[in-house]
There are 2 protein chains.
Amino acid sequence: MRTKRKEEEITKTRDAILSATEKIMREEGYAAVSSRRVASVAGLKSQLVHYHFGTMDDLFLALFRRAEAEYFERHTQAVISSNPIRALWALSIDRQGMGLIFEFMALANHRDIIRKQIAESKIRIRTMQVAMLTRALEGNDALSDICAPNVLSVLIAGTALQLITETAIGVSDAHADTLAFADRLIGMIERENSAKKTRARKRPAGANKLSA
Amino acid sequence: MRTKRKEEEITKTRDAILSATEKIMREEGYAAVSSRRVASVAGLKSQLVHYHFGTMDDLFLALFRRAEAEYFERHTQAVISSNPIRALWALSIDRQGMGLIFEFMALANHRDIIRKQIAESKIRIRTMQVAMLTRALEGNDALSDICAPNVLSVLIAGTALQLITETAIGVSDAHADTLAFADRLIGMIERENSAKKTRARKRPAGANKLSA
DNA sequence: GTCTATAGGCCGATAGAC
DNA sequence: GTCTATCGGCCTATAGAC
């Protein structure tokens, strides 16, 4: 019981430090993160930051891993949902979820260890997206002929990134039209896919494929 | 002659400071820019930075204005070229030209005066792009029915931004396919437009329009 | 316009007591 | 795990001599 209590407190302190770091990064940018500022926001002494995380790079890495685990989980949920493309789009344009990522990308430009972590994460997520999009575009000849799943993944991520960064600097020209455009496109794919499913249900299983 | 000489030297010092700032921002990020670092790279005393530019925010603003003027000029050239969409795309995926922009966007997240300058610049450039794309898509019913010029502007900027940031962190999955996709799409528009011009040339001027 | 000198402040990180 | 104390460093910015 005593040990449990202690572990809880340790985790609580670590979490407080990570959350304070996240808050500062979101509100003032990564450059405003210092052991003293973090400690001040968390209501602690700055030395505790070093005690629990070592160097500032270690702190950034720990926060990135925590944020990435959460993002990866949300991504997984999106990919297995009933309308995965729509869910992926919703996730991609969510400023709350993406704000930190932008700061980490900026940080990555001159901290090599952060850069590597982000690169790994991006590949993991890209792989998941491409697998989902490949399934979603299966049999949709009209769209998949002009745009492969991996390209579509780049287009979705890029367009969402553009909308988020523009919103962050206070520009929202063309955003409503872009959102409507995305909605229309996703709607078309969804309708095509549900029509495909209906057709498949009316036949014996496997009849519309050569293998599997 | 003496005055000329002096003005040249002043401009030379200012330019040296701005160029040093740009170099540091590109190579190490905006957070690495300090009056001392700038002066060191430019081979000057740090106090000269304050003498010529005042505060660090003033220095950042001056550099942004210089970079934006150059970017705006390149943009103008692209828009009036014979293949404006292709030229715009080439400009948008040019890492050399866009690297600074990314740093300024990160800087803008917590420096309000920078944010406003970037917002203004973005609107100016967006306006120019939309005007060009409106002309380019005129009469191209197939494409303009599904994607308005302002939406296309967002898609181009977003996709290019995505490619550039991914390249910066060392990920290039799907880049070749995305570039090929863009090339194919631009090619289609170009062919459609030159066919349109040919048709127009075979008729009396103004015959294919209701007004003007 | 450039110099020296300096004020005043925040930074990362560590040592050692408890 | 948390505290006090502290080292050495880089920062912005200004004052005043030349």
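Chain A is the first sequence line, chain B the second, and so forth, proteins listed ahead of strands; every chain is numbered from 1.
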task: For the side chain of Arg37(A), starting at C-beta, report the closest nucleotide among dC11(C), dA13(C), dT2(D).
output: dC11(C)

message: Assess, by modelled atom type and distance only, whether the side chains of Gln129(B) and His75(B) contain a donor and an acceptor separated by less than 3.5 Å.
response: yes

message: Any salt bridge linking Arg26(B) with Glu22(B)? Criterion: basic side-chain nitrogen under 4.0 Å from a carboxylate oxygen.
response: yes

query: To the nearest Å, how far apart are Met56(B) CE and dT14(D) P?
result: 13 Å

query: Without hydrogens or angle criteria, can the side chains of Thr55(A) and Asp58(A) be said to hold a donor-acceptor pair below 3.5 Å?
result: yes

task: Could you state the atom-to-atom distance from CD1 of Ile24(A) to C1' of dC10(C) in whole Å?
output: 14 Å

Below 3.5 Å, can you tabulate the donor-acceptor pairs from side chains in residues 139-148 of chain B to any protein atom, sequence neighbours excluded?
residue   : atom : partner   : partner atom : Å
Asn140(B) : OD1  : Leu143(B) : N            : 3.4
Ser144(B) : OG   : Asn140(B) : O            : 2.9

- prompt: What nucleotide, of dT4(C), dC11(C), dG12(C), holds the atom closest to the side chain of Lys45(B)?
  reply: dT4(C)

- prompt: Is the shortest side-chain N/O distance from Ser34(A) to OP1 or OP2 of dC10(C) below 4.0 Å?
  reply: no

Show each protein N/O and nucleotides 5-9 of chain C N/O combination with a separation under 3.5 Å, one pair to a line.
residue : atom : partner  : partner atom : Å
dA5(C)  : N6   : Gln47(B) : NE2          : 2.7

- prompt: Does a salt bridge link Arg86(A) with Glu190(A), judged by any charged N lying under 4.0 Å from a carboxylate O?
  reply: yes

- request: Take the protein atom NE2 of His52(B) and the nucleotide atom C1' of dC3(C), then report the distance between them rounded to whole Å.
  value: 12 Å

query: Looking at Asp173(B) and Lys122(A), does any basic side-chain N land under 4.0 Å from a carboxylate oxygen?
result: no

- request: Quickly work out the Phe53(B) CZ to dT2(C) C1' distance and round it to whole Å.
  value: 15 Å

query: Can you tell me how far P of dT4(C) sits from CG of Leu44(B), to the nearest Å?
result: 13 Å

- line: From the candidates dT14(D), dT4(C), dT2(D), the one with an atom nearest any side-chain atom of Leu48(A) is dT2(D)

query: Between Thr13(B) and dT2(C), does any side-chain N or O lie under 4.0 Å from OP1 or OP2?
result: yes

task: Examine the side chains of Arg14(A) and Ser19(A) and answer whether a donor and an acceptor come within less than 3.5 Å of each other.
output: no

- request: Check whether any side-chain N or O of His50(A) sits under 4.0 Å from OP1 or OP2 of dA13(C), and answer yes or no.
  value: yes

message: Over all strands shown, is Thr55(B) touching base, sugar-phosphate only, or nothing at heavy-atom distances under 4.0 angstrom?
response: sugar-phosphate

